[in-house]
Protein chains: 2
Amino acid sequence: MYLEDMSRENRTRYALLGALLHGEKSGYDLKKEFEHRMSHFWAESLGQIYPTLHRLRSEKLVARRSDRSGGSRARTLYRLTTAGRRALSDWLAESPAPESARNELLLKLFFGPELGASGAIEHLEGYQDRLIDQRRLFDAMAGEIDAQAVSAEQRAYWHLTLLSGQEVTDARLRWCRKALRTLRHLGASTGRGGRRAER
Amino acid sequence: MYLEDMSRENRTRYALLGALLHGEKSGYDLKKEFEHRMSHFWAESLGQIYPTLHRLRSEKLVARRSDRSGGSRARTLYRLTTAGRRALSDWLAESPAPESARNELLLKLFFGPELGASGAIEHLEGYQDRLIDQRRLFDAMAGEIDAQAVSAEQRAYWHLTLLSGQEVTDARLRWCRKALRTLRHLGASTGRGGRRAER
DNA sequence: CGCCGCATGTAAGAGGTTACATGATTCG
DNA sequence: CGAATCATGTAACCTCTTACATGCGGCG
């Protein structure tokens, strides 16, 4: 017999419930919410959102209604029920589960001698580019937060999560520069960019 | 018909192939390898390792032999084949896929007004404790690297991945302190630690 | 002798992504 | 009118974790 494991409960459910705190939204709206405001720490796909909404509804944690206002095509809007808000609150109070690390770039770098310095440098440069884009995005997001019509308290929390992204991204960028410096030395001393160059 | 997606190929396979670069190991050895040397950027469970080893063997990317030396019970040792090493090399050269972010602490913090400042502070303190432990572990790992009988080049790559963990952890710790300072102010101004205190 | 660590596996199921499928509306 | 975006879903598939299952060897 399999025991229930409360600690590994479906987090998508709660991400959705939380995203509904500020009023009713469609599945599509929720997707955009994740992409625009929460992309630096959470992602959900539509193939996960729609079935989960159905399930939440069958558990009475959300309610839905049809909306055809605005003349555009009908949308299905979901809102939190009292039970849904309580379920969210209970989950929020639980201590967050530690994340299990999985970083493909570091994995490849760990096998550096097999990859070769030139390959490692390429990967790091690509990573660096993505980090720089991300960093710019964070600055833009910070500006948008202040334009939102929500409480100062809510904005403070949003800024905090964003600040985490900014600080961590900056740290990664600093590390990138250091790593690239190291690898360019290493590449020069092991000759012609390492193993892959032997082919 | 479903198209094949090369970019989302099973990374467990390559993590195992890479971990076999320095000689033959059993499934159990591999698990320890991940736990001890790669825990800051990669994790694999035994329920993933054993089936994957079988699969790699059927694809001739690894070979195995039985070992009963040392008087202890028999172990099954796996080693890279030439094809396995080539498959690893090819994968290493591919540009790493961007990681999709999922950070439960930040998700909960994002819903801070519903959680309440006191809850947020508790979660952050727990997070901080884990980070401090992790930071200490990194220092210990740095010392161990130099004791390994491998090339200076290999050690350089290991140090680089470790440095990433150290820098990012330090950044997170700095952020934690800032966030706690902010929340203690917020908690004082919104009274008695927020929503949960109302129950 | 009982527990812990070593060692190897399998089974069930949750969770998640991508592609497929469909259709409306809007805008150039 | 064609493309992009809005909008809602389903199907197939993969990955991964957890629990189950089993047994040996060493040590206190």
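Letters go in sequence order (proteins before strands), and every chain restarts at 1.
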Salt-bridge present (R86(B), D90(B); N to O < 4.0 Å): no
Under-4.0 Å salt bridge between R184(B) and E125(B): yes
Axis bend over the full length of the helix from dC1(C)-dG28(D) to dG28(C)-dC1(D), computed from five pairs that close each end, to 10 degrees: 30°
Selection from dG5(C), dT10(D), dT15(D) that lies nearest to any side-chain heavy atom of H54(A): dT10(D)
5' precedence on DNA chain C between G47(B) and R102(B) (nearest-nucleotide basis): G47(B)
To the nearest angstrom, how far is [X] atom [atom1] from [N] atom [atom2]?
X	N	atom1	atom2	value
L77(B)	dA7(C)	CG	C1'	11 Å
E44(B)	dT18(D)	CD	P	13 Å
Q48(A)	dC14(D)	CD	P	18 Å

Do any side-chain nitrogens or oxygens of [X] fall under 4.0 Å of OP1 or OP2 in [N]?
X	N	result
Y28(B)	dT8(C)	no
S26(A)	dT8(D)	yes
T12(B)	dC16(D)	yes
N10(A)	dA14(C)	no

Worked verdict on E144(B) versus H36(B) for side chain to side chain donor-acceptor pair (under 3.5 Å): CA-CA 10 Å; E144(B) 276 170 43; H36(B) 296 151; over 6 Å; no
